[in-house]
Amino acid sequence: QVQLVESGGGLVQPGGSLRLSCAASGFTLEHYAIGWFRQAPGKEREGVSLINMDDRTIYYADSVKGRFTISKDAAKNTVYLLMNSLKPEDTAVYFCAVSSVPVTGYDWQFLEQYDRLGQGTQVTVTS
């Protein structure tokens, strides 16, 4: 069965850290570009980060640059999003999406560029 499963979300205080995981089954992430998106209640869906299949082309939204790090573990068929210095405005449902073709430039922020997405994991940052 082809699916993406996110995990690692939770409740954290401002300034804290979380590491989200996006595990793939039924296909190999190595051959896909993987993006992380988030959606907060009442807000537009936002692209957070992307790692392309070359593992060198990486993008971050300005709002998370310097705080979040995307990485891939091919052996575990999993992509991670390490989130440091979390802020209340990072509160959202985070989900990963995959594209079978490279996603470059400004297009990485649009979910229409991706073929499949997971169900999401909730991240809540509050004191």
Side-chain angles (χ1 to χ4, degrees):
Q1 184 179 2
V2 176
Q3 63 176 355
L4 293 166
V5 178
E6 301 93 336
S7 62
L11 181 66
V12 64
Q13 291 186 339
S17 299
L18 284 173
R19 189 180 74 162
L20 305 183
S21 299
C22 171
S25 59
F27 66 103
T28 303
L29 278 177
E30 186 177 7
H31 304 305
Y32 288 78
I34 303 102
W36 281 98
F37 289 79
R38 67 185 181 186
Q39 188 161 22
K43 292 189 177 182
E44 294 283 324
R45 190 172 293 159
E46 177 187 19
V48 176
S49 184
L50 167 90
I51 183 167
N52 255 318
M53 49 272 281
D54 63 5
D55 290 347
R56 296 190 300 272
T57 306
I58 292 174
Y59 301 102
Y60 295 101
D62 289 342
S63 58
V64 306
K65 205 170 290 183
R67 300 187 298 122
F68 290 11
T69 304
I70 192 170
S71 62
K72 185 193 297 182
D73 186 332
K76 295 184 177 180
N77 210 27
T78 299
V79 170
Y80 301 100
L81 186 68
L82 176 62
M83 307 186 297
N84 294 323
S85 303
L86 282 162
K87 305 175 181 180
E89 51 263 44
D90 294 319
T91 295
V93 176
Y94 286 71
F95 53 95
C96 58
V98 296
S99 169
S100 57
V101 297
V103 184
T104 58
Y106 195 67
D107 288 346
W108 77 269
Q109 301 175 76
F110 299 105
L111 199 58
E112 293 77 13
Q113 302 298 319
Y114 300 82
D115 307 313
R116 182 179 299 276
L117 66 152
Q119 294 300 308
T121 184
Q122 176 70 46
V123 172
T124 303
V125 185
T126 181
S127 55

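Residue indices begin at 1 and follow the sequence shown.
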Write down the atom of [X], the atom of [Y], and the distance for their closest heavy-atom approach.
{"X": "G8", "Y": "L18", "answer": "O-CD2, 3.7 Å"}
{"X": "G9", "Y": "L20", "answer": "N-CD2, 3.6 Å"}
{"X": "V12", "Y": "G16", "answer": "CG2-CA, 3.8 Å"}

- Pair T91-Q122, side chain to side chain contact (heavy atoms under 4.5 Å, CB included): steps then yes or no: CA-CA 8 Å; T91 295; Q122 176 70 46; 4.0 Å; yes
Find the distance between [atom1] ([X]) and [atom2] ([Y]) and round it off to the nearest 0.5 Å.
{"X": "R19", "Y": "N84", "atom1": "CZ", "atom2": "CG", "answer": "11.5 Å"}
{"X": "W36", "Y": "F95", "atom1": "CH2", "atom2": "CZ", "answer": "10.5 Å"}
{"X": "S21", "Y": "L4", "atom1": "OG", "atom2": "CG", "answer": "12.5 Å"}
{"X": "I51", "Y": "T57", "atom1": "CD1", "atom2": "OG1", "answer": "9.0 Å"}
{"X": "Q13", "Y": "T126", "atom1": "CD", "atom2": "OG1", "answer": "8.5 Å"}
{"X": "E6", "Y": "L81", "atom1": "CD", "atom2": "CG", "answer": "11.0 Å"}

- Do D73 side-chain atoms and T78 backbone N/O form a donor-acceptor pair below 3.5 Å? no
- With distance as the sole test, does N52 use its side chain to make a donor-acceptor pair with the main-chain N or O of V103 at under 3.5 Å? yes
Please list, one pair per line, the donor and acceptor atoms closer than 3.5 Å that link side chains of residues 25-32 to other protein atoms, with sequence neighbours excluded.
residue	atom	partner	partner atom	Å
S25	OG	Q1	O	3.4

I'd like a table of donor-acceptor pairs (distance under 3.5 Å, sequence neighbours excluded) in which one partner is a side-chain atom from residues 58-68, with atom names and distances.
residue	atom	partner	partner atom	Å
Y59	OH	G105	N	2.9
Y60	OH	I70	N	2.9
D62	OD1	K65	NZ	3.1
S63	OG	R38	NH2	3.4
S63	OG	E46	OE2	3.0
R67	NH1	S85	O	2.9
R67	NH1	D90	OD2	2.7
R67	NH2	S63	O	2.8
R67	NH2	D90	OD1	3.0
R67	NH2	D90	OD2	3.4

- Item | Residue pairs fulfilling disulfide bond (SG atoms under 2.5 Å apart) with at least one residue in residues 43-75, sequence neighbours excluded | none
- Please, which pairs that meet disulfide bond (SG atoms under 2.5 Å apart) have at least one residue in residues 21-65, sequence neighbours excluded? C22-C96
- Item | Shared hydrophobic cluster for L50 and V48 (ILVMFWY, side-chain gaps under 4.5 Å) | no
Sequence neighbours excluded and cut-off under 3.5 Å, please list the side-chain donor-acceptor pairs for residues 106-120, or say none.
residue	atom	partner	partner atom	Å
Y114	OH	W108	O	2.7
D115	OD2	S100	N	2.7
D115	OD2	S100	OG	3.0

- Student check: side-chain heavy atoms of P14 and V125 closer than 4.5 Å: yes
- Item | Partners meeting side-chain hydrogen bond (donor to acceptor under 3.5 Å, both in side chains) with R45 (sequence neighbours left out) | Q39
